[in-house]
Amino acid sequence: MKTVIKIENLGKKYMLRHEHQERRYTALRDVIMNSVKEAGRRLFKRGAVKNKDSTVEEFWALKNVSFDICQGDRIGIIGRNGAGKTTLLKILSRITEPSKGRVSSKGRVASLLEVGTGFHPELTGSENIYLNGAILGMSRVEIKKKFDEIVAFAEVERFLDTPVKRYSSGMYVRLAFAVAAHLESEILLVDEVLAVGDIVFQKKCLGKMSDLTKDGRTLLFVSHNIPMVRTLCPQAILLDRGKLAAQGEAASVIEQYLSDKNEIASAAVEFIPRPGANVSFTRAWITDDQGNLTVNVDVLKPFMIGLEFQVISLTANTEVTVVLENSLGVKVLFSSLSDGNNKEFAELKPGLRKTSVWLKANFLVPDRYVVRLYAHHPNTYVIDAREDALRFNVVETGSTMLRYGQGANNWCCVLGGTKWELNKK
Amino acid sequence: MNPNTNSDYDLIIEAGRTELHYWKDLWRYRELFLFLAWRDVLVRYKQTVIGIAWSVIRPLLTMVVFTIIFGKLAKLPSGHVPYPVLVFAAMLPWQFFANGLSDSSGSLISNANMLTKVYFPRLVIPASTVIVSLVDFAISFAILIVLMICYRFTPSWHIIILPLFLFLAFMVSFGSGLVLATLNVKYRDFRYIVPFVLQLGLYISPVGFSSSIIPEKWRLLYSLNPMVGVIDGFRWAILGGNEQIYWPGFIASSLVMALLLLAGLWYFRKTERVFADFI
């Protein structure tokens, strides 16, 4: 097979500034202030202080990554949050440049890091098809040729002259994906874009994507959705903290990803707030019923998932949701802030908010779980998502499933205190 | 299979590598440029009753105020030209410059989403926003024609050279727009500087008065403001023989314009590869 992408020693460095974390951008006055301070320090201490600004820290989002991709490969890129998956795609699609190393590629590269980039709410469906197509790199002739196909795929024939701001979110996503899916390119880079949309459409998109590779096109697919990677990609790459941890057949790479032995007992994690998001998660942790941090939860005892999130301005229609996913990638639980509030959205005041989500004893089947966190406007817009926020294990200590051994999760997801009544006759 | 040699790849991505195909790429993305300009024009005039009215009212009111202050109260000379026409001939390039500069300097920030999600030559964004102010220019130009008819003022053959001066105005607007757009990505406080610069510039540029009232010995220095050259050029083209071009000044202005454009392009190109990391 011919190599179409050759990645050698790729590295990407970011500078993390710790000082003003609440500020989302640099202002020139800070830069001037800092350099004056720096100059003053040099002047008075005569270069005795060699320590550089301690508030700036180097962070390698990607380090020494090398691999080759052959023509027609369908490769899934998996890894935890912050493993460097999106950074890799951004470098490959030339959105940002690497700090080190080199990428050589052959053929037209199309990237789909988000559906509907550049969609303008005031423009109509057909206007947005042209605009979005142009942004993705299609020519007008090309779009014209594919126009009917795109419209048919998105199932929006009747709404072509309607501004997309009046579209339902499903229609919006369908149209956006349809444009991207009809982009003719030799190499297609796709980031977690199918997390949106309904199941039927997701299936259709997956079908379209695997069709694309049938005629010799190459696909790189980033996703947290393991079942999706499994169905779409025969091969996978595992990234771990910026480094290449595994590459090869999807099944074995996924196995390694799930049974990540060296994962630190990360019972509490901190997040950098999403820039621009009104509500964003800052911390998440898991404790047992005594309040001790843990990643191994006793099936017979209740436990708590703690969340801390930052609210910038008062909002009354934001939902905060916790989703638990088991080791088979099945979403077991969907629970939201409004659940305990009689389905009314709580009013979130600016500042740091904390919530505790209590899970019952004897509820989750012993298994490995991933916690996903979402702050969203239900059905319309996700403000902040942490798809792989925390991981924990529910440990078998004598539940009713004990007698079925290791594979209890093959049978069910929850134990649930079901009440049985036996007819006494 | 044979191992590929370097020449088999048509794209190499490396740190600090300046794009060989940059200008070719830019040409390839010319349609995106048109689409973005088209989008901005469409959005601007869609759903806004005041959209077009606004681009009529603004230059008209400014013209009225300037005519009263500079023409009637300060009694500045205007040659044989009606004062409103003198002012409006300068309002045209000034509005074009001001709109172009303020739109393009904020363009990268307002299109941040695109910058972080898709590749294209970033130059397309500020360039397309400057084009949008051409539409406003066209509207203002129509007002000027009406104005000239009202005052029974006939322009000379000079007017056919107007596009050249319009191009110069574009250069100033685009060049400074590039510098400010780039600075804006890194240092957001520049968005407060732009309106201030524009407000100040309106008074230091010869918009409300003819630049011939500047004393001869200061004239060359005054012409270092590139808008002086542009405005003088516009007046010369529209008002015909009534306005003379001060050539040393015009050449100085043009040099500053060229420098501004080159500096803008250089700075933009230097920084654009890391826009996505800062924005």
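These figures come from a predicted structure and were not determined experimentally.
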What part of A:Lys90 gets within 4.5 angstrom of chain B, counting heavy atoms only: side chain, backbone, both, or neither? side chain
Among A:Leu113, A:Ile91, A:Ile95, residue most engaged with chain B (heavy-atom pairs, under 4.5 Å): A:Ile95
Less than 4.5 Å apart, any side-chain heavy atom of A:Lys12 and any of B:Asp277? yes
What do the steps show when you test A:Tyr172 against A:Phe159 for ring-ring contact (aromatic ring centres under 6.0 Å, His included), and what is the final call? CA-CA 11 Å; A:Tyr172 186 94; A:Phe159 306 98; over 10 Å; no
Where on A:Ser105 is there a heavy atom nearer than 4.5 Å to chain B: the side chain, the backbone, both, or neither? both
Pick whichever of A:Arg140, A:Met138, A:Lys100 has the most heavy-atom pairs under 4.5 Å with chain B. A:Arg140
So which part of A:Thr87 gets closer than 4.5 Å to some heavy atom of chain B, the side chain, the backbone, both or neither? neither
In terms of side-chain heavy atoms, does B:Asp40 have a donor or acceptor partner in B:Thr129 at a distance below 3.5 Å? no
Side chain, backbone, both or neither of A:Thr96 within contact of chain B (heavy atoms, under 4.5 Å): both
I'd like to check A:Ile135 versus B:Leu32 (side-chain heavy atoms, cut-off strictly below 4.5 Å). Are they in contact? yes
Given a strict heavy-atom distance threshold of 4.5 Å, which part of A:Leu92 is in contact with chain B: side chain, backbone, both, or neither? backbone
Would you mind checking which part of B:Phe275 comes under 4.5 Å of any heavy atom in chain A, side chain (CB onward), backbone (N, CA, C, O), both or neither? neither
Contacting moiety of B:Leu34, where chain A heavy atoms sit under 4.5 Å: neither
Residue from A:Ser111, A:Gly133, A:Ser139, A:Ser99 scoring the most non-hydrogen pairs under 4.5 Å with chain B is A:Ser139
Can we say A:Glu142 and A:Arg108 salt-bridge, meaning some charged N sits less than 4.0 Å from an Asp/Glu carboxylate O? yes
Just so I understand: if I count every heavy-atom pair under 4.5 Å between each of A:Gly118, A:Pro121, A:Ala134 and chain B, which residue has the most? A:Ala134
What's the shortest heavy-atom distance between B:Ser133 and B:Phe96, and which atoms? O-CD1, 3.7 Å
When you measure from the centre of the six-membered ring of B:Phe120, is the NZ or CZ of B:Arg122 closer than 6.0 Å and no more than 45° off the axis? yes
For residues B:Tyr119 and B:Asp25, is any side-chain donor paired with an opposing acceptor at under 3.5 Å? yes
